[in-house]
There are 2 protein chains.
Amino acid sequence: MQSKKDIATLCKENGLRLTGPRRVIMKVLSEATDHPDVVELHRRVNAIDRGIALATVYRTVNLLQEKGVLERHTFADGRARYEPAHQEHHDHLIDVETGDVIEFRSDEIERLQEEIARKHGFAIVSHKLEIYVKPLKAKVQLRGNRPPAKP
Amino acid sequence: MQSKKDIATLCKENGLRLTGPRRVIMKVLSEATDHPDVVELHRRVNAIDRGIALATVYRTVNLLQEKGVLERHTFADGRARYEPAHQEHHDHLIDVETGDVIEFRSDEIERLQEEIARKHGFAIVSHKLEIYVKPLKAKVQLRGNRPPAKP
DNA sequence: ATACTTGCAAATGCTTTGCACGTCA
DNA sequence: TGACGTGCAAAGCATTTGCAAGTAT
């Protein structure tokens with residue numbers, strides 16, 4: 001909830017002009033709790049200001065990613081998805097049934113990766129771990145597809 | 001080197017007709033030691049038979065992936081890359097300087113992933129771990145860019 | 001024979017870009 | 001005002017698809 005306040009600062013820090021479209025786009029980004037793709041971002045942005053072009057969202061999101069403000073992910077569907085850059089690295093659990101993304105972190109896995117890279121004569125630049133999952137004990141809860149309730 | 005022999009079998013097993021293009025494409029695939037993208041595959045295929053269309057490579061590669069014969073990977077560059085499906089799951093180390101891909105496997109990491117998924121109430125469907133790396137002790141060996149040898 | 005394959009070209013979906021017009025600093 | 005930002009439409013890429021002609025079984 002420290003969203004709107006930081007936007008001006010963020011722009012200044014990165015030598016970006018504070019414009020209307022950017023204000024809106026960054027507001028939407030800072031309020032997102034999921035990992036929206038660009039078209040979804042554009043949808044949300046347009047709900048606030050109809051006049052902002054898809055191209056502008058692309059440009060802004062690319063800028064912010066270059067500046068390290070956003071993180072770009074590309075899961076199995078191919079589209080780029082964004083989230084505010086975290087301080088701490090984390091990985092993702094992706095529910096293949098709903099598309100939901102859950103973040104997690106395992107220091108032990110991080111450590112093992114370091115070890116593996118070193119063993120091969122490399123230093124880690126970055127990495128990503130995506131675990132595609134489905135709920136245990138297959139829930140009957142299939143999105144508005146419930147069988148009629150028994151009287 | 002059990003390459004060509006299996007191709008007829010592979011097709012039969014999967015209900016695919018054994019055609020010229022498929023023979024060539026599967027030969028190229030079975031001989032690849034790297035993780036080529038479709039355009040690169042097409043280049044190699046065309047070195048053998050000029051007449052095979054890119055669309056056919058795409059179609060074949062998709063078929064084989066659906067049948068579980070190939071694995072599709074999508075690394076940071078966005079293009080799909082393929083390799084013959086291994087029996088044992090493995091992950092990838094990607095050299096960001098050369099694009100080289102090195103395979104590795106860590107049972108410990110596999111186990112930790114299981115644990116994490118279970119802890120969140122999920123079962124793993126699949127996963128991928130990509131570690132982007134660069135060589136330790138920056139080698140001067142920069143691809144045909146060597147300084148003149150000292151006499 | 002006939003269902004499956006192919007080549008070609010056109011279409012797609014996501015993303016980037018050229019350009020002329022607006023606008024923040 | 002001058003460099004930066006924006007909307008729009010067109011261009012790019014990687015990949016897919018419709019269709020008519022070719023081919024394996």
Side-chain angles (χ1 to χ4, degrees), chain A residues 7-29 35-46 48-67 69-82 99, chain B residues 7-29 35-46 48-67 69-82 99:
Chain A
I7 294 178
T9 314
L10 267 178
C11 282
K12 207 158 293 177
E13 283 178 355
N14 291 292
L16 305 177
R17 287 188 182 165
L18 181 52
T19 68
R22 282 181 186 164
R23 237 189 295 261
V24 175
I25 294 168
M26 292 172 88
K27 175 175 160 58
V28 166
L29 280 166
H35 300 64
D37 63 37
V38 180
V39 172
E40 172 60 21
L41 281 175
H42 185 229
R43 211 188 322 280
R44 296 180 196 177
V45 161
N46 272 188
I48 298 175
D49 178 344
R50 199 66 59 74
I52 298 173
L54 180 56
T56 301
V57 180
Y58 271 106
R59 283 191 272 237
T60 303
V61 122
N62 283 346
L63 271 174
L64 295 177
Q65 194 249 337
E66 281 164 26
K67 303 296 186 180
V69 178
L70 288 183
E71 264 170 45
R72 188 206 316 263
H73 301 290
T74 310
F75 302 135
D77 59 28
R79 269 158 284 148
R81 315 180 84 85
Y82 294 86
Chain B
I7 294 178
T9 314
L10 266 179
C11 281
K12 207 159 292 176
E13 284 179 354
N14 292 292
L16 304 177
R17 287 186 182 169
L18 182 52
T19 67
R22 280 180 187 164
R23 237 189 296 263
V24 175
I25 294 168
M26 291 172 87
K27 174 174 162 56
V28 167
L29 279 166
H35 300 66
D37 63 40
V38 179
V39 172
E40 172 59 21
L41 282 174
H42 184 229
R43 211 189 321 279
R44 296 180 195 177
V45 161
N46 271 189
I48 298 174
D49 178 343
R50 199 67 57 77
I52 299 173
L54 179 57
T56 301
V57 180
Y58 270 106
R59 282 191 272 237
T60 303
V61 121
N62 283 345
L63 272 173
L64 295 177
Q65 193 249 340
E66 281 164 26
K67 304 295 188 181
V69 178
L70 288 183
E71 263 169 46
R72 190 206 314 263
H73 301 290
T74 310
F75 302 135
D77 59 28
R79 267 158 284 150
R81 316 180 85 86
Y82 294 85

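Lettering of chains follows the sequences in order, A, B, ..., and the numbering in each one begins at 1. Note: hydrogens, waters and symmetry copies are ignored here, and every other heavy atom, side chains too, is used.
The OH atom of A:Tyr82 sits 13 Å away from the P atom of C:dC14 (whole-angstrom rounding). Straight-line distance from the CZ atom of B:Arg79 to the P atom of D:dA14: 6 Å, rounded to whole Å. Rounding to whole angstrom units, CZ of residue A:Arg72 and P of C:dC14 are separated by 15 Å. A straight line from CG of B:Asp77 to C1' of D:dG12 spans 16 Å, rounded to a whole angstrom. The separation between A:Leu41 atom CG and C:dT15 atom P is 11 Å, rounded to whole Å. Between the P atom of C:dA25 and the CG atom of A:Leu18 lies a distance of 6 Å, rounded to the nearest Å. One can place NZ of B:Lys67 at 12 Å from C1' of C:dC4, the figure rounded to the nearest angstrom. Taking atom CZ of residue A:Phe75 and atom P of nucleotide C:dC14, one finds them 17 Å apart after rounding to whole Å.
Annotation: the span from B:Arg81 atom CZ to B:Arg72 atom CZ amounts to 13.5 Å, rounded to 0.5 Å. Between the CZ atom in A:Arg79 and the NE2 atom in A:His35 there is a gap of 14.5 Å [rounded to 0.5 Å]. With rounding to the nearest 0.5 angstrom, the CZ atom of A:Arg22 is 12.0 Å from the CG atom of A:Leu10. For the atom pair OG1 of A:Thr60 and CG of A:Leu16, the computed distance is 8.5 Å after rounding to the nearest 0.5 Å. A distance of 11.5 Å separates CD in B:Glu13 from NZ in B:Lys67, rounded to the nearest 0.5 Å. Put simply, NZ on B:Lys27 and CZ on B:Arg44 are 12.5 Å apart, with the number rounded to the nearest 0.5 Å.
Taking every heavy atom of both residues into account, A:Pro36 and A:Leu41 meet most closely at CG-CD2, 3.6 Å. Between A:Ile52 and A:His42, the shortest heavy-atom distance links the atoms O-NE2, 2.8 Å.
Residue-level contact check: B:Asn62 touches the backbone only, with heavy atoms under 4.0 Å from sugar-phosphate atoms and none from bases.
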Check the pair A:Asp37 / A:Asp77 against side-chain contact (heavy atoms from CB on, under 4.5 Å), numbers first and verdict last.
-> CA-CA 11 Å; A:Asp37 63 37; A:Asp77 59 28; over 6 Å; no
Using a cut-off of 4.0 Å between protein heavy atoms and nucleotide atoms, how would you tag nucleotides 1-10 of chain D 5' to 3' with B, S and -?
-> -BBBSSBB--
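In the helix from C:dA1-D:dT25 to C:dA25-D:dT1, the terminal helix axes, each the rotation mapping four pairs' C1' atoms onto the next four within five end pairs, subtend 30°, rounded to 10°.
OP1 or OP2 of C:dT16 has not a single side-chain nitrogen or oxygen of A:Tyr58 nearer than 4.0 Å.
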